[in-house]
There are 2 protein chains.
Amino acid sequence: MARTHGSKAEITGPLIRDAARRLFARHGYAAVSMRQISAEVGLQVGALYAYTPDKQTLLADLLRGHMQDLLAEWPDDPGQPALARLDGFLRFHIATSLERPEAVFLAYMELRSLTPENRREIAALRRRYEDGLEAILTAGEAEGSMTVPDRRLTAMALIAMLTGVTNWYREGGRLDRDHVTAIYRDLVFGAVGA
Amino acid sequence: MARTHGSKAEITGPLIRDAARRLFARHGYAAVSMRQISAEVGLQVGALYAYTPDKQTLLADLLRGHMQDLLAEWPDDPGQPALARLDGFLRFHIATSLERPEAVFLAYMELRSLTPENRREIAALRRRYEDGLEAILTAGEAEGSMTVPDRRLTAMALIAMLTGVTNWYREGGRLDRDHVTAIYRDLVFGAVGA
DNA sequence: GTCTATAAGGAGATAGAC
DNA sequence: GTCTATCTCCTTATAGAC
């Protein structure tokens, strides 16, 4: 018989992660107390420790999950022309940055709040993401469809530029997502000499 | 008679601000205690309060000072061609980002740790800086030397791209400052269709 | 200007009842 | 799985001696 309701743990766990993600992104990891997180979910603080062994693990799980999602969802196809792959990358990066702004912001800003061991792990995942873009730039230079002065620096620069959308984009503002994406496409394509 | 030595306050004050800037940038405002700052300078914690009324004011003073320095030092000349002004901007922005990486990083990341009143004040200074770049893009379009899809978005995108240099640049690394600046110039000029 | 001492409160995490 | 209560430690900020 199919279950129609999950256990409380299946509901409460995600609620705790959602609250932690939102609060960490808004105020910073160090500024948020376990009591604030529990209050947001409607629990007493002790109950949180049935879901995470400690606050540090909660942060590391959020960042790991986000980076793994990014790597799993990125629809890159090395068989395509490099410009099409670059277009796919920037559409994907902007879409995730607008759909999950807190997770994107956290993954780029709270590496410093991780223990050295956790930081190494998450930084390696982020490095894979950066390497993916660098591979596209390498392919573009090989085909002659792009002119890239320095592939590593350019990859970092493009990611910084696109991720910056989380700093100013507001839902319902002057530009909708499609416009924003089209403008960033012009900027990115111009930067790589396409 | 000219004084050859400043009072202790004239030395200790800047030392406290230096330590606070470094620690806030590395660990985040909320994660740094007044005790850590005082220990870094070789004082007991109580002595800090002779120099700042509280921790919040210390952060606001750092950000205000940095933004005022930026606005005062930026050597823009509206009489020059827009591309020369854009080149001046990016050289200035990269130079300050590499010379004072902690201040630049703080000013972009710790706005959220300010009280609403302080945040409004610092955000207004930052806005003036962004407006300065936007004015250059406007001039470039008017002269026909640039093609900019959306001036406001482009200004934000370029600043995010250039500021990102603080995330990966390491003194003594693969690229020196002049190389880094030259590469970013290619990217920026390409992005605005120059 | 700097110290020591302290006030008053919040932090992360745990124990044990239910 | 959640609660209440508690332990231990650290926090910002102040008071008053020197």
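Just so it is clear: chains get the letters A, B, ... in the order the sequence lines come, proteins before strands, and each one is counted from 1.
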Could you tell me the separation between the OH atom of Y29(B) and the P atom of dT11(D), rounded to a whole number of Å? 14 Å
DNA chain D nearest-nucleotide lookup for L43(A) and M34(B): closer to the 5′ end is L43(A)
To the nearest angstrom, how far is L23(B) atom CG from dT11(D) atom P? 12 Å
Distance to the ring centre below 6.0 angstrom and angle to the axis at most 45 degrees; does that hold for R91(A) and Y184(A)? no
Look at the side-chain N and O atoms of Y49(A) and state whether any lies under 4.0 Å from the OP1 or OP2 oxygen of dG1(D). no
Once you round it to whole Å, what is the distance between P of dA11(C) and NZ of K55(A)? 9 Å
Test item: side-chain donor near acceptor, T181(A) and D178(A), under 3.5 Å: no
Grab the CD-C1' distance between Q44(B) and dC3(C) for me, whole Å please. 7 Å
Looking only at side-chain atoms of V45(B), point me to the closest of dT2(D), dA13(D), dT2(C). dA13(D)
Side chain of R35(A), base of dG10(C): donor and acceptor closer than 3.5 Å? no
Rounded to whole angstrom units, what separation is found between the CD1 atom of I11(A) and the P atom of dG1(D)? 12 Å
Tell me which of Q36(A) and P53(A) sits closer to the 5' end of DNA chain C, going by the nucleotide each one is nearest to. Q36(A)
Using a 4.0 Å heavy-atom cut-off across all strands, classify V41(B) as base, sugar-phosphate, or nothing. nothing
Output the rounded distance in Å from OH (Y51(B)) to P (dA13(D)). 18 Å
Answer yes or no on whether R174(B) is positioned over the face of Y169(B), meaning its NZ or CZ is under 6.0 Å from the six-membered ring centre and within 45° of the axis. no
Protein-nucleotide distance (I37(A), atom CD1; dG10(C), atom P), rounded to Å: 17 Å
Between atom CD in Q56(A) and atom C1' in dA13(C), what is the gap in whole Å? 15 Å
Hey, are the side chains of D131(A) and E134(A) touching, using non-hydrogen atoms and a 4.5 Å cut-off? yes
Of the listed nucleotides (dC3(C), dA13(D), dT2(D)), which one gets closest to any side-chain atom of A47(A)? dT2(D)
Examine dC3(D): is either OP1 or OP2 under 4.0 Å from a nitrogen or oxygen in the side chain of S38(A)? Give yes or no. no
Could you walk me through whether F89(A) and Y129(A) pass the ring pair (Phe, Tyr, Trp, His ring centres under 6.0 Å) check? CA-CA 10 Å; F89(A) 168 78; Y129(A) 191 75; 5.8 Å; yes
OP1 or OP2 of dG10(C) sitting under 4.0 Å from any side-chain N/O of S33(A)? no
